[in-house]
Amino acid sequence: MHRHHHDHDDSLEALRDALTAGFWDERYGGSDRVWSGRPNQRLVEQTADLTPGTALDVACGEGGDAVWLAKQGWQVTAVDVSQVALAKVAAHAEDEGVGDRIRIGFYDALADPRPVGRRTFDLVTVSFLHVPQSDFAAIYRGIADAVAPGGRLLVTAHHPDDVATGARHDHGPGLMFEPDRVLETLGAGPSGSDWEVEVADTPVREQVTPDGPLLVRDTVVRVRRAE
Ligand SMILES: C[S@@+](CC[C@H](N)C(=O)[O-])C[C@H]1O[C@@H](n2cnc3c(N)ncnc32)[C@H](O)[C@@H]1O
């Protein structure tokens, strides 16, 4: 019992750590590129039918999504808690010839859940931002606040099934969640809601790992704010 408690505290501590600039600066500073540099498959799928406008990429990491969006014609604002990551985004954008279409900015979801701009962006996208359960609602509502009337919020996350299949360790319910969690948080769906549900899906994809291919499930939510 005692032991169990201890483990629980440790994992909560670890989760808090994973939300600080220090943790991510070190992670991003340690190697040339932590992620692939390519956009997330779900972002590519979910923006294919949209007309480019203004986009906000929240917790952008090294900017694979932000640079890809800029290349499709979007005017992108990319924000993250890690200045090291943001410097990489800026460099990546220059390399790819879209430096003039990407702005970078600091954003700490735990300090202030609302990123830049109130009801400003045609698209707000957040991929794999892992937050503690207790902060989930405030952070996702804060992020959604940046969506303009008629604009869209796209959330991509790890699905909790990945724990059952052994694809991922259990890092707690704020890290992995089902589409309903986002819909409930925003009050999306019912008539009279400010948010229309366009996509609430849990597709599987193959992830390449050093140990070989792994099947993982994503949570994908796309909602549109009323005009
Ligand atoms: C798993 S990475 C995902 C990066 C990118 N969205 C992608 O899909 O490749 C999580 C990102 O969240 C950022 N992050 C962690 N804590 C944060 C916080 N409190 N506020 C804002 N961003 C945070 C990290 O710096 C990191 O870039």
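All values below come from the heavy atoms of this structure, side chains included, with hydrogens, waters and symmetry mates left out. Order of appearance sets the numbers: ligands from 1, and atoms from 1 within every ligand.
Backbone and side-chain nitrogen or oxygen atoms of Ala59 are examined, and one is located within less than 3.5 angstrom of a nitrogen or oxygen of ligand 1. The shortest N/O to N/O separation between Asp80 and ligand 1 falls below 3.5 Å. Annotation: Asn40 places an N or O atom under 3.5 Å from an N or O atom of ligand 1; distance criterion only. Considering backbone and side-chain N/O atoms, Tyr28 comes within less than 3.5 Å of an N/O atom of ligand 1. For ligand 1, one of its N or O atoms has an N or O atom of Ala109 under 3.5 Å away.
Heavy atoms of Trp24 found under 4.0 angstrom from ligand 1 belong exclusively to the side chain. Only the backbone of Cys60 comes within 4.0 Å of ligand 1, judged by heavy-atom distances. Within the 4.0 Å heavy-atom criterion, both parts of Asp108, backbone and side chain, lie near ligand 1.
The closest approach between any non-hydrogen atom of Phe23 and ligand 1 is not below 4.0 Å. Ligand 1 has no atom lying under 4.0 Å from any heavy atom of Gly64.
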| said: Let's go through Thr120 and Thr54 carefully: what are the C-alpha distance in whole Å and the side-chain angles of both, what is the deciding distance for side chain to side chain contact (heavy atoms under 4.5 Å, CB included) to 0.1 Å, and is it a yes or a no? | reply: CA-CA 8 Å; Thr120 308; Thr54 55; 5.6 Å; no
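Per-residue contacts place Ser127 under 4.0 angstrom from the following atoms of ligand 1 (heavy atoms of the residue considered): 3 (C), 5 (C), 6 (N), 8 (O).
Salt-bridge check for Asp49 with Arg222: passed, with a basic side-chain N closer than 4.0 Å to an acidic carboxylate O. In this structure, Arg217 does not pair ionically with Asp162, as no charged nitrogen and carboxylate oxygen lie closer than 4.0 Å. Arg224 and Glu196 are not joined by a salt bridge, as no carboxylate oxygen comes within less than 4.0 angstrom of a charged side-chain nitrogen.
The OH atom of Tyr107 lies 12.0 Å from the SG atom of Cys60; values are rounded to the nearest 0.5 Å.
Which of Asp65, Leu110, Val81 comes nearest to atom 14 (N) of ligand 1 through a heavy atom is settled by distance: it is Val81.
Within 6.0 Å of atom CZ in Arg103, 12 or fewer heavy atoms from other residues, nucleotides or ligands are found, so the atom counts as exposed in its surroundings.
Aromatic rings from Phe23 and Tyr28 are positioned such that their centres are separated by 6.0 Å or more.
In this structure, the side chain of Asp80 engages the main chain of Gly61 through a donor-acceptor pair within 3.5 Å.
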